[in-house]
Amino acid sequence: MKVIVCQDYAEMSVKAARIIAGQIISKPDGILGLATGSTPEGAYKELIRLYENGLIDFSEIKTYNLDEYYPIKPDNDQSYRYFMDQHLFNHVNIKKENVHIPSGEMKNPAVECKEYDEMVEKDGGIDLQLLGIGQNGHIGFNEPGESLYYETHLTDLTENTIQANSRFFASIDEVPKQAITMGLGTIMKAKKILLLASGKNKHEAIAHLLGDRIDPQVPATLLKVHPDVIILCDKAAYEG
Ligand code: GLP
């Protein structure tokens with residue numbers, strides 16, 4: 001794992017966008033795995049700026065998002081579909097048919113999750129997977145547990161995650177209790193991984209990730225065995 005520590009959120013976001021832009025330039029028809037949450041917002045903003053300046057082109061890029069609340073409607077302003085449209089897709093020249101986000105309205109999650117993984121495979125796998133990290137060390141919505149899921153699946157959210165994500169909802173009761181998420185196997189099959197972390201509240205998770213144990217109670221620690229991971233964090237997340 002390569003660790004890059006930035007002064008602050010702004011520097012981290014610009015560096016993240018440059019890495020993603022580099023991937024787009026080197027493989028214009030590549031597959032990006034994308035993440036939501038407040039952490040990647042700055043990187044998406046910078047990517048839009050690079051696009052507006054004619055430096056990157058999304059016309060042949062395909063994307064697969066990590067996760068989505070369940071159940072949730074796509075036009076709910078807290079859905080990850082809505083987030084991605086607002087923060088990236090509506091502002092760049094990506095083709096609608098090249099965007100994939102797990103549906104928060106799946107009728108048969110077991111079958112449709114399997115289809116999601118099959119689509120990723122069929123497209124040739126993810127070239128660069130962008131990740132945030134939960135305060136409890138989750139990636140996507142792979143929550144801490146005694147064992148971890150390999151494939152995309154429907155999962156229950158932990159109290160910690162519901163609490164942490166309630167800041168975006170009118171009340172904690174409105175936070176969905178479940179989500180669809182890529183599994184750890186799906187994430188680990190990405191050729192490259194870029195994990196972003198900003199702020200003191202991510203320090204504990206980052207400290208575990210940089211420690212010497214792989215612990216299913218901190219799912220991100222599985223990334224230690226991936227051959228090509230960059231951890232891009234700010235000083236606050238690194239030092240606490
Ligand atoms: C959510 C998402 C994760 C994200 C995490 C951290 O639970 N499922 O993909 O990494 O929140 O979010 P934030 O960046 O807002 O701290």
Side-chain angles (χ1 to χ4, degrees), residues 6 8-10 12-13 16-17 20 32-46 63-72 76-84 86-88 100-104 113 116 126 128-145 148-149 152-169 172 174-184 186-188 190 193-206 208-209 218-223 229-234 236-238 240:
C6 302
D8 53 22
Y9 178 77
M12 181 197 78
S13 301
I20 301 165
L32 300 178
L34 297 179
T36 50
S38 47
T39 311
E41 274 181 35
Y44 290 150
K45 219 173 168 177
E46 177 65 8
T63 63
Y64 281 89
N65 262 76
L66 276 174
D67 49 11
E68 178 59 284
Y69 288 116
Y70 186 86
I72 201 161
N76 181 318
D77 63 3
Q78 290 311 322
S79 76
Y80 287 169
R81 155 65 68 176
Y82 189 90
F83 174 100
M84 288 308 301
Q86 292 296 314
H87 290 95
L88 183 65
H100 306 88
I101 302 180
S103 167
C113 286
Y116 197 73
I126 291 166
L128 175 66
Q129 175 67 57
L130 179 63
L131 294 176
I133 186 167
Q135 286 175 32
N136 63 3
H138 73 223
I139 47 178
F141 271 129
N142 290 279
E143 294 281 40
L148 301 168
Y149 279 82
T152 298
H153 59 282
L154 175 64
T155 184
D156 292 334
L157 300 182
T158 60
E159 271 314 306
N160 176 294
T161 297
I162 292 171
Q163 187 73 47
N165 291 3
S166 66
R167 68 190 196 277
F168 300 113
F169 290 81
I172 193 160
E174 286 181 30
V175 186
K177 307 289 179 284
Q178 289 187 298
I180 307 283
T181 181
M182 275 186 193
L184 268 311
T186 317
I187 294 171
M188 292 291 282
I193 294 179
L194 173 61
L195 183 141
L196 307 183
S198 167
K200 235 180 149 97
N201 62 344
K202 298 294 170 70
H203 173 64
E204 209 181 316
I206 291 297
H208 275 288
L209 177 54
V218 187
T221 57
L222 196 68
L223 298 175
V229 178
I230 298 176
I231 314 283
L232 191 51
C233 59
D234 62 11
Y238 188 72

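Every number for a ligand or one of its atoms is a count from 1 in the order of the listing. Reckoned from all heavy atoms, side chains included, excluding hydrogens, waters and symmetry mates. This is a predicted model, so every value here is computed, not measured.
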Q | Closest approach of any protein heavy atom to atom 12 (O) of ligand 1, naming residue and atom | A | G37 CA, 4.0 Å

Q) Please state which protein non-hydrogen atom is closest to atom 14 (O) of ligand 1 and give its distance, to 0.1 Å? A) T39 OG1, 2.4 Å

Under 4.0 Å from ligand 1, counting heavy atoms only, is it the side chain of [X], its backbone, both or neither?
| X | result |
| --- | --- |
| Y80 | side chain |
| A35 | neither |
| R167 | side chain |

Gap separating the [atom1] atom of [X] from the [atom2] atom of [Y], nearest 0.5 angstrom:
| X | Y | atom1 | atom2 | result |
| --- | --- | --- | --- | --- |
| N160 | T158 | CG | OG1 | 5.0 Å |
| I187 | L195 | CD1 | CG | 10.0 Å |
| L148 | H153 | CG | NE2 | 8.5 Å |

Contacting atoms of ligand 1, where contact means under 4.0 angstrom from a heavy atom of [X]:
| X | result |
| --- | --- |
| F141 | 1 (C), 7 (O), 8 (N) |
| G132 | 10 (O) |
| D67 | 2 (C), 8 (N), 9 (O) |

Are any of the N/O atoms on [X], whether in the backbone or the side chain, positioned under 3.5 angstrom from an N/O atom of ligand 1?
| X | result |
| --- | --- |
| T36 | no |
| G140 | yes |
| I133 | yes |
| H138 | yes |

Q. Between N142 and G183, which heavy-atom pair has the shortest distance, and what is it?
A.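 Taking every non-hydrogen atom into account, OD1-CA, 3.6 Å.
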
Q: Can you see which heavy atom on T39 is nearest to which on S198, and at what distance?
A: CG2-N, 4.3 Å

Donor-acceptor check, side chain of [X] to backbone of [Y], threshold 3.5 angstrom: yes or no?
| X | Y | answer |
| --- | --- | --- |
| D67 | M182 | no |
| Y116 | H100 | yes |
| E68 | Y80 | yes |

Q) Aromatic rings Y69 and F169: how do their planes relate, parallel, tilted or perpendicular, breaks at 30° and 60°? A)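 Perpendicular.
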
Q) Heavy-atom distance to atom 16 (O) of ligand 1: which of Q135, K202, E143 wins? A) K202

